[in-house]
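One structure below.
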Amino acid sequence: MTVTHIITGSPFEEKIGYSRAVVADGWVFVAGTTGYDYASMTMPIDVTDQCRNALATIADALGQAGASLDDVVRVNYILPDGDDWEPCWPIVSDAFARARPAATMIRAGLQTPEMKIEIEVTARLP
């Protein structure tokens, strides 16, 4: 089995020792991704901006693997505050309009207090 590691340049990948995505056996596993803007290394305050950033980072990793958001079959959303979830619905609904993946929202603490959403996905290569 061939395994490909996708690195997106986040400093956390090196510090923590993980890959943004791993491609194995026709599957793409994208790590939990938060809302950092990696170009400026800033975290937006608003959960919807964080959601958009996380999805953009995920889309980029999927693209490097040869897939897209349309190929996602499973998504997990992790939010410390359940009240932040509903404002994200239109964003994730738009992002996954074609894929319609199986999805779960989990309430849990994230790595730092400014993180309001983390998203992880599994996709199948087309």
Side-chain angles (χ1 to χ4, degrees):
M1 172 174 63
T2 301
V3 175
T4 302
H5 298 269
I6 295 173
I7 307 298
T8 58
S10 161
F12 301 113
E13 294 168 347
E14 179 67 29
K15 288 179 184 177
I16 298 171
Y18 72 97
S19 299
R20 175 64 53 202
V22 175
V23 183
D25 227 13
W27 294 97
V28 185
F29 303 94
V30 182
T33 303
T34 61
Y36 272 102
D37 175 341
Y38 290 109
S40 64
M41 278 312 294
T42 59
M43 178 69 76
I45 294 170
D46 188 75
V47 68
T48 58
D49 291 334
Q50 289 189 27
C51 184
R52 283 184 195 93
N53 285 353
L55 289 168
T57 301
I58 290 167
D60 179 61
L62 288 170
Q64 290 182 54
S68 74
L69 292 174
D70 292 344
D71 300 307
V72 172
V73 297
R74 181 77 170 125
V75 59
N76 288 316
Y77 304 100
I78 307 154
L79 294 95
D81 183 349
D83 290 337
D84 281 341
W85 178 221
E86 191 169 348
C88 295
W89 291 359
I91 300 162
V92 300
S93 177
D94 184 55
F96 296 115
R98 290 192 59 191
R100 306 280 302 212
T104 301
M105 190 284 275
I106 302 162
R107 286 184 55 201
L110 299 179
Q111 188 169 322
T112 63
E114 69 266 13
M115 293 176 178
K116 296 183 178 182
I117 189 168
E118 185 168 344
I119 305 170
E120 68 175 8
V121 305
T122 302
R124 186 76 173 152
L125 288 174

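Only a predicted model underlies this, so the values are computations on that prediction, with no experimental measurement involved.
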Considering residues at least two apart in sequence or located in another chain, which fulfil the side chain to side chain donor-acceptor pair (under 3.5 Å) criterion with [X]?
| X | answer |
| --- | --- |
| Thr42 | Ser40 |
| Asp94 | none |
| Thr112 | Glu114 |

Residues 100-110 side chain polar contacts: donor-acceptor under 3.5 Å, at least two apart:
from: Thr104; atom 1: OG1; to: Arg74; atom 2: NH1; distance (Å): 3.2
from: Thr104; atom 1: OG1; to: Arg74; atom 2: NH2; distance (Å): 3.0

Hydrophobic cluster membership, [X] vs [Y], 4.5 Å side-chain cutoff:
| X | Y | value |
| --- | --- | --- |
| Val22 | Val121 | no |
| Tyr38 | Met43 | yes |
| Ile16 | Met115 | yes |
| Phe29 | Val75 | no |

*May I ask you to test the Leu125-Val23 pair for a side-chain heavy-atom distance under 4.5 Å?*
yes

*Got Met41 and Pro11 here, is their nearest side-chain heavy-atom distance under 4.5 Å?*
yes

*ring-ring contact (aromatic ring centres under 6.0 Å, His included) pairs, two or more places apart, involving residues 40-59*: none

*Determine which pairs satisfy ring-ring contact (aromatic ring centres under 6.0 Å, His included) with at least one residue from residues 102-126, sequence neighbours left out, and list them in order.*
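Not a single pair qualifies under ring-ring contact (aromatic ring centres under 6.0 Å, His included).
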
*Sequence neighbours left out, what passes side-chain contact (heavy atoms from CB on, under 4.5 Å) with Glu13? Give chain and number order.*
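Testing Glu13 for side-chain contact (heavy atoms from CB on, under 4.5 Å), a comparison that skips the adjacent residues, returns Ile7, Thr8, Ser10, Tyr18, Arg20.
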
*asked:* What's the separation between atom CD1 in Ile91 and atom CD1 in Ile117, rounded to the nearest 0.5 Å?
replied: 8.0 Å

_Approximate separation, where rounding is to 0.5 Å, of Gln50 CD and Thr33 OG1_ =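 The CD atom of Gln50 sits 12.5 Å away from the OG1 atom of Thr33.
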
*What pairs meet the side chain to side chain donor-acceptor pair (under 3.5 Å) rule with one or both residues in residues 116-126, with sequence neighbours excluded?*
Asn76-Glu120

*With sequence neighbours left out, which residue pairs that include part of residues 79-92 fulfil the side chain to side chain donor-acceptor pair (under 3.5 Å) condition?*
none

*Can you name the residues that form a ring-ring contact (aromatic ring centres under 6.0 Å, His included) with Phe12, not counting sequence neighbours?*
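Listed in chain order: Tyr36.
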
_Suppose we screen for ring-ring contact (aromatic ring centres under 6.0 Å, His included). Which residues come up paired with Phe96, at least two apart in sequence or across chains?_
none

*Do you know the tightest heavy-atom contact between Cys88 and Cys51?*
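Minimum heavy-atom contact is SG-CB, 3.8 Å.
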
Would you list the atom pairs, donor with acceptor, under 3.5 Å between side chains in residues 53-65 and any protein atom, with sequence neighbours excluded?
from: Asn53; atom 1: ND2; to: Gly35; atom 2: O; distance (Å): 2.9
from: Thr57; atom 1: OG1; to: Asn53; atom 2: O; distance (Å): 3.1
from: Asp60; atom 1: OD2; to: Gln64; atom 2: NE2; distance (Å): 3.1

